[in-house]
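In what follows, a single structure is set out as structure tokens and then discussed.
All values reported here derive from a predicted model rather than from experimental measurement.
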Amino acid sequence: AVAHIRTLALVGPAAAGKTSLAEALLHHAGAITTPGSLERGSTVSDFDPLERRMQHSLNAAVMHLQHADTRVHFIDTPGAPDFVGQSLPALEAVETAAIVINAVNGIEPMAVRMMEWAKERERDRIIIVNRIDAQAVALQALVAQIQAAFGSECLPVNLPSQRGERVVDCFYNLHADGPPPDFSSVEEAHRKLVEQVVEVDAAFVERYLNEGDVDPKELHAPLEQALREGHLIPICFTSARTGAGVAELLAVIEKLLPDPTESNPPAFLE
């Protein structure tokens, strides 16, 4: 069923780790037995001999995976400015633009451009902060930079923990046991998310003011509306190298991203 399909494009600057993240997603979903390597030229999306020799993407590549009941179609795109002609058409073919940011390099011009282009094309947007396991990354400062650059509607739906070794959900799993996040708190991140989502529906605003927290499972419709209107841009944290946050990213894709039933289906679903 179309309601169980998600479509997204991994876009953003070169060296953000988009291809490695695609491998990690495919591996976690069981679509491949071992994640490929850029150095070995064994990644699924970089199939061109020149790509394998240069160790970066030159073409957009479509991939598919099955996660629980959800079918995910996603496109890995080149990040170099010279190949933007491969990245822009990918936005026309998907519901969601996933802007991948290198946690070490921070916000780069290609990320800014892709955020703007996705907004102009009225695509849902999520931000993936990759390489959270790198040494001396300042993730809290990076979140502040993202919000300063793209707006306060950019909010973490999960948070790194144990210095980026794992990621904790902040939307559904409010009372999970385990180590605390590396910054902020699950409760604070959860409150900000719920307050941002309920703003699109007056009935939920009134209920939130009267009763306090609203069960996230009841927020699916206003959540989809918030994403479609750009009123919420989720921030996710991952390390494609270690696999930290990959399962949580798949959960975000499955549970939070809108399905194509209320809009024009992407080109390759027609």
Side-chain angles (χ1 to χ4, degrees), residues 1-11 25 64-75 90-100 114-128 146-147 150-158 169-174 189-209 211-237 245 247-270:
V2 175
H4 293 288
I5 294 174
R6 303 291 181 271
T7 62
L8 66 154
L10 300 174
V11 298
L25 289 167
H64 319 274
L65 62 84
Q66 187 77 27
H67 179 64
D69 294 330
T70 303
R71 181 74 169 169
V72 181
H73 303 275
F74 62 105
I75 305 176
L91 295 179
E92 307 296 341
V94 297
E95 292 284 310
T96 302
I99 293 88
V100 185
M114 282 299 170
M115 285 289 286
E116 291 173 348
W117 286 328
K119 182 178 181 180
E120 288 172 6
R121 287 159 177 76
E122 298 182 339
R123 294 298 180 260
D124 309 319
R125 287 167 289 162
I126 65 172
I127 295 172
I128 302 172
I146 289 170
Q147 292 172 337
F150 305 129
S152 59
E153 61 269 27
C154 301
L155 293 172
V157 292
N158 52 48
D169 172 59
C170 299
F171 192 65
Y172 288 101
N173 203 15
L174 184 56
H190 176 82
R191 177 182 56 78
K192 289 180 177 178
L193 284 166
V194 172
E195 288 178 354
Q196 191 74 9
V197 169
V198 298
E199 280 182 0
V200 301
D201 189 315
F204 275 105
V205 170
E206 183 176 355
R207 192 172 145 195
Y208 180 75
L209 292 174
E211 302 176 17
D213 195 21
V214 179
D215 188 336
K217 294 176 183 176
E218 298 183 48
L219 292 176
H220 187 70
L223 176 63
E224 286 202 358
Q225 184 181 343
L227 286 165
R228 291 198 185 283
E229 294 176 358
H231 191 70
L232 172 65
I233 300 173
I235 302 173
C236 305
F237 294 89
E248 289 79 5
L249 176 58
L250 275 172
V252 167
I253 292 170
E254 176 191 359
K255 295 180 180 179
L256 269 65
L257 296 189
D259 63 65
T261 54
E262 295 182 8
S263 62
N264 295 323
F268 57 75
L269 296 183
E270 292 178 345

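Between Glu218 and Val214, the shortest heavy-atom contact is CB-CG1, 4.4 Å. Summarising the geometry of Asp201 relative to Pro222, their closest heavy-atom pair is CB-CB, 4.4 Å, with the distance given to 0.1 Å. Taking every heavy atom of both residues into account, Asn158 and Glu248 meet most closely at ND2-CB, 3.8 Å. The shortest non-hydrogen separation linking Asp169 to Val157 is OD1-O, 3.5 Å. The nearest pair of heavy atoms linking Cys154 to Ile127 is SG-CD1, 4.0 Å. For the residue pair Glu153 and His231, the shortest heavy atom distance occurs at CB-O, 3.2 Å.
Put simply, the side chain of Ile128 reaches to within 4.5 Å of the side chain of Leu10, judged on heavy atoms. Considering only heavy atoms from C-beta on, Val11 stays 4.5 Å or farther from Trp117 through its side chain. Side chains of Ile99 and Phe150 form no contact here, defined as non-hydrogen atoms less than 4.5 Å apart. Side-chain contact between Glu211 and Glu206: absent, with no pair of heavy atoms (C-beta onward) separated by less than 4.5 Å. At least one side-chain heavy atom of Leu91 sits less than 4.5 Å from a side-chain heavy atom of Met114. Glu199 is not listed as a side-chain neighbour of Tyr208, based on a closest heavy-atom distance of 4.5 Å or more. Between Leu223 and Leu193, the closest side-chain pair of non-hydrogen atoms is not below 4.5 Å. The side-chain heavy atoms of Glu95 and Arg228, taken from C-beta on, include a pair separated by under 4.5 Å.
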Side chain to side chain contact (heavy atoms under 4.5 Å, CB included) between Leu25 and His67: does it pass, once the steps are laid out?
CA-CA 10 Å; Leu25 289 167; His67 179 64; over 6 Å; no
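Looking at His190, its side chain does come within 3.5 Å of a backbone N or O of Cys170 through a donor-acceptor pair. No donor-acceptor pair under 3.5 Å is formed between the side chain of Gln147 and the backbone N or O of Ser152. With hydrogens and angles disregarded, no donor-acceptor distance shorter than 3.5 Å links the side chain of Arg125 to the backbone of Ala118. A donor-acceptor contact shorter than 3.5 Å links the side chain of Arg6 to the backbone of Glu254.
Partner His73 forms a side chain to side chain contact (heavy atoms under 4.5 Å, CB included) with one of Thr7, Leu8, Val94, Leu65 and no other, that one being Thr7. Evaluated for a side chain to side chain contact (heavy atoms under 4.5 Å, CB included) with Pro234, the options Leu155, Thr96, Leu227 yield exactly one hit, Leu227.
Distance check, rounded to the nearest 0.5 Å: CD of Glu122 to CD of Glu229 gives 10.5 Å. Interatomic distance, Phe204 CZ to Leu209 CG, rounded to the nearest 0.5 Å: 13.0 Å. Rounding to the nearest 0.5 angstrom, the gap separating the CG atom in Leu257 from the CD1 atom in Ile5 is 13.5 Å.
For Gln66, the CD atom counts as densely surrounded, since its 6.0 Å shell holds more than 12 non-hydrogen atoms of other residues, nucleotides or ligands.
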